[in-house]
Amino acid sequence: AVPKFEALKSVSMPKLDLDIPSAPSTSTQDKYVEPQEVRDARAAELNLKFKDVDKEAKAIEQKAKEARARANSAGQKFQAAKDDACSTRIGGKILCVRYGVGY
């Protein structure tokens with residue numbers, strides 16, 4: 001047997017009385033005092049400055065990338081030389097027990 005449910009006749013919801021202030025009405029003309037041409041010129045000037053600084057930053061980043069590559073290469077050469085030097089020491093390349101050697 002399927003249970004039967006009675007439909008609700010009405011549902012009462014509590015009323016909320018919220019005091020929401022309306023947004024002040026300002027037109028876009030009142031917001032911008034400067035003419036459009038002045039704002040466009042300022043934006044174009046700042047865009048040129050941005051492009052110059054961005055180009056400079058990219059050049060510096062490229063130099064840093066090249067310096068990092070040189071450092072990585074030097075580190076690999078050092079590691080190979082250290083492994084070669086440690087191959088005949090106690091512990092070999094893994095432990096490389098050494099006294100009075102600066103690496």
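Note that this is a predicted model, so its numbers are computed, not measured. The first residue in the sequence is number 1, and the count goes up from there. Computed from heavy atoms alone, side chains included, the values below leave out hydrogens, waters and symmetry copies.
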ask   = Taking NZ, NE, NH1 and NH2 as the nitrogens, is one of them in E45 or K49 under 4.0 Å from a carboxylate oxygen of the other?
value =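 Looking at E45 and K49, the cut-off is met.
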
If you round to the nearest 0.5 Å, how far is [atom2] of [Y] from [atom1] of [X]?
X   : Y   : atom1 : atom2 : answer
Q79 : C86 : CD    : SG    : 8.5 Å
L46 : R42 : CG    : CZ    : 7.5 Å
D54 : K51 : CG    : NZ    : 10.0 Å
I60 : K55 : CD1   : NZ    : 13.5 Å

In short, R39 meets E34 closest at the heavy-atom pair NE-O, 3.4 Å

Does K58 reach the side chain of Q62, with side-chain heavy atoms less than 4.5 Å apart? no

field: Pair N72-Q76, side-chain donor/acceptor within less than 3.5 Å
entry: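 Q76 and N72 do not have a side-chain donor-acceptor pair below 3.5 Å.
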
